Amino acid sequence: MGRPGKLTLFLTRVYCNFRSNILGQRYLPRWIVALNDLVICALSFLITWFILSETPVFFDQYLSVYQKAITLISIHYLCFFLFRTYSGIIRYSTFSDVYRFAKATITFVVITSVLNMVFYHYTNSKLFLTTTLLLYSFISITLLLGFRIVIKETYRFLRAAASGNLKKRVIVLGTDDKTISLAHAILTDPASGYRPVAFLTTKEKRTSFKLIDLPVCYTDSNLETNLKKFTKRYKASGVLLIGDMLSVEERSWIAEACFSLDVAVYNLSLPEQWNDFSDKPLKIVPLKIEDLLERSVIEIDTDNISNDLKAKKILITGGAGSIGSELVRQIAAFDPEMLVVLDNSESPLHVTEVYLKKNFPELNYRIYLADVTQKERMEGVFKKFNFDVVYHAAAYKHVPMMERHPREAIRTNILGTRNLAELAVKYGCERFVMVSTDKAVNPSNVMGASKRAAEMFVQALQRSPGITTRFITTRFGNVLGSNGSVIPFFRQQIKNGGPVTVTHKDIIRYFMTIEEACQLVLQAGTMGKGGEIFVFDMGEPVRILSLAERMIKLSGFKPYIDIPIEIVGLRQGEKLYEELLIDGESTLPTYHPKIMVCSTVQHDYTVISAAIDELEALANSICKKRDIIIRLKMLVPEFLSQNSEYSKLDR
């Protein structure tokens, strides 16, 4: 084939320019918009003349047709400039544009009517008859607004078609004012990939009425049948929930009905819940499994926490981890005198530093790449800052990994905690808050036993003579979305097409969001007098197999058909059921309904210190792992290994 001709190149260039102008971010200059309105006014007059030309109404006047046309259009156009009707971008037209046109047209009618009356007073003849004025005004405003609506809808359609993503038709749940406002915002947002086609309500039993020109559908308890009928009638592919305006039970009820019909469920977060307002489109995302877990709202005493942390020098260890980084975010908001974030993981620590630099530029903070197992390094940090409060979240937490590497569990979870606790005492820290885990309760694995030993040490240290530092331990279960937790693991398996692996069909776990857990850690830190273990109310336990099935459904697949689920057996050291209390412990309520304090078993500091010294010597020697585990079991007598090679050592 030969080279393309000049005509072909010219046409290609014209097409590309047209596509760029229509679908890009550019918009028409105001003079073109004003010229367009002038043409529409001329067309309106032409239509008026056509309608009235065969009646005596139009001609029984003082001016000729051409003079009337020039006069009317000139006055009308003057009103356009007066109210700046040409200033808006046509494809983003809103009610304010309609309002400007209405004011311009009303002003036009008033001016021409006054001009008519004055002219009639002096000449006993009218320039324009009332019929002509009203008909022209009605036709012109109809065409002007109609043109803008056509352009706006055409642009939205072309943009969606060009991106290959025509809007998803959704039924919006609810008919309250906030829901209606957000539905209208979606309709008018050209960047949104969704289009509301109806409202669904369980409260309003009236039929055949509309809101913002969308039909309202009523459903009783028979949601599945009604939803099937409505999605078919309005060709909807999903249901849209608004924010957290529904209870978990209501969300689950709706989600189950949608799952059975292969209807997608989407969630629109409320603007006040956004962390980032830089994105223009409304934040509509598929419903997440976190939205369907039974968790009541947690309220904390922010004034008390603020008074407790403001103007304090605070250290957060493990500050780049899941819990630690959330503690950083929450504590930074309370404006401490100094915030030191310490972790031994370089890349996540850099992410935390970037976050603080962007969101808290006025905050006095320091970032330290360091390891809590290096006591000399830790002492240098404590000596430099003389901390008031330490939040100790640094720990190894992956159960199978610590079963294979018990030395590292002992070095970080036990010896690292001892280093920090002793330095807190030496440098007069006011308070030391340790983040523990429910796996420390009657531990069945090395990780849990190492955390239990750390708990025992700080409790024993608290009871030593002359200790003024308050040592507080917080104990809770699994955290949603944390590194290595089951939910992101399942998400990745579903993304890869399965199978989703569950260790046991009956295994259950307690869950809490990272934000909730850290809120309670901060709240518990204000309560402690020293030596307590605070236990969090984790709500109802979740069956992991059911969790996997729901996540597959939320992803738009059918469990066992589209995505297989495999039962692979318990991992090393894993239990079917987690506990929150050790034998001999009991709980007492606090003033916070979600926080309980447990009566602890007392330990002798000399005995605990000697046992940890022995563990340190073994961990740093070339002895076998079994010798380390035997000594750890002696220190933590309730440590009974499950599904582990160390189970035989219990005998």
Side-chain angles (χ1 to χ4, degrees), residues 168 224 237-239 248 251-267 285-295 321-322 396-405 437-439 444-448 477-514 538-578 641-647:
K168 295 182 177 69
E224 186 174 332
S237 61
V239 172
V248 175
R251 285 174 177 269
S252 298
W253 175 55
I254 293 162
E256 290 299 332
C258 291
F259 293 158
S260 63
L261 299 172
D262 289 332
V263 172
V265 189
Y266 302 102
N267 189 63
V285 295
L287 194 69
K288 298 183 294 185
I289 189 63
E290 292 89 337
D291 301 317
L292 300 180
L293 296 181
E294 296 284 350
R295 300 190 323 276
S322 303
Y396 285 136
K397 64 180 184 179
H398 293 283
V399 170
M401 186 71 73
M402 293 303 100
E403 287 293 295
R404 298 192 297 270
H405 302 91
T437 170
D438 58 359
K439 291 178 175 60
S444 62
N445 50 68
V446 172
M447 192 281 282
N478 296 273
V479 175
L480 291 171
S482 63
N483 296 329
S485 68
V486 68
I487 289 180
F489 181 64
F490 282 172
R491 279 200 183 107
Q492 188 60 44
Q493 289 184 322
I494 294 169
K495 182 180 179 181
N496 295 336
V500 173
T501 55
V502 178
T503 56
H504 194 284
K505 64 182 180 65
D506 295 322
I507 192 170
I508 63 171
R509 288 293 181 265
Y510 293 93
F511 286 99
M512 179 175 284
T513 67
I514 295 175
M538 302 291 294
E540 294 298 320
V542 177
R543 188 165 172 255
I544 301 300
L545 182 59
S546 300
L547 181 76
E549 292 170 345
R550 279 194 161 195
M551 288 188 66
I552 292 171
K553 292 176 181 177
L554 282 171
S555 301
F557 302 107
K558 295 180 180 179
Y560 307 105
I561 299 175
D562 301 323
I563 303 290
I565 298 177
E566 293 183 2
I567 306 298
V568 297
L570 293 172
R571 300 178 299 170
Q572 287 186 341
E574 191 172 40
K575 293 192 288 188
L576 279 179
Y577 313 102
E578 298 291 3
S641 298
Q642 292 185 21
N643 309 297
S644 171
E645 61 181 297
Y646 307 130
S647 298

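Note that the structure is a prediction, hence the values are computed from the model and not measured.
Within the 4.5 Å cutoff, the side chain of Lys397 has heavy atoms near those of the Ser322 side chain. Proximity of Val542 to Arg509: side-chain heavy atoms (C-beta onward) are nowhere separated by under 4.5 Å. With contacts defined as side-chain heavy-atom distances shorter than 4.5 Å, the pair Ile565/Leu545 qualifies. The shortest side-chain heavy-atom distance between Val399 and Lys439 falls under the 4.5 Å cut-off. Within the 4.5 Å cutoff, the side chain of Ile567 has no heavy atoms near those of the Thr503 side chain. Proximity of Arg404 to Pro400: side-chain heavy atoms (C-beta onward) are separated by under 4.5 Å at one or more points. A heavy-atom distance below 4.5 Å is not found between the side chains of Asn445 and Asn643. Considering only heavy atoms from C-beta on, Glu256 stays 4.5 Å or farther from Glu224 through its side chain.
Taken to the nearest 0.5 Å, the CD1 atom of Ile508 stands 8.5 Å off from the CD1 atom of Ile544. Taking OH of Tyr396 as the start and CE of Met447 as the end, the distance is 13.5 Å to the nearest 0.5 Å. Between atom CZ of residue Phe489 and atom CE of residue Met551 there is a gap of 11.0 Å, rounded to the nearest 0.5 Å. Distance check: Ile507 CD1 to Arg543 CZ gives 11.0 Å after rounding to the nearest 0.5 Å. To the nearest 0.5 Å, the span separating CZ on Phe259 from NZ on Lys558 amounts to 13.5 Å. How far CD1 of Ile494 is from CD of Gln492: 10.0 Å, rounded to the nearest 0.5 Å.
Smallest separation of non-hydrogen atoms from Ala548 and Val502: CB-CG2, 4.1 Å. Nearest heavy-atom pair, Pro559 versus Glu549, reported as atom, atom and distance to 0.1 Å: CG-O, 4.0 Å. The minimum heavy-atom distance between Ser641 and Ser647, with the atom names listed, is O-OG, 3.3 Å. When all heavy atoms are compared, the tightest approach of Val265 to Cys258 is CG2-CB, 3.4 Å.
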| message | Please evaluate residues Ile552 and Asp562 with respect to the criterion side-chain contact (heavy atoms from CB on, under 4.5 Å), reporting the C-alpha separation (whole Å), side-chain torsions for both, the decisive distance (0.1 Å), and the verdict. | response | CA-CA 9 Å; Ile552 292 171; Asp562 301 323; 5.9 Å; no
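No hydrogens or angles considered: a donor-acceptor pair under 3.5 Å links the side chains of Thr501 and Gln493. Side-chain atoms of Tyr646 and Glu403 form no donor-acceptor pair, as typed in the model, at a separation below 3.5 Å.
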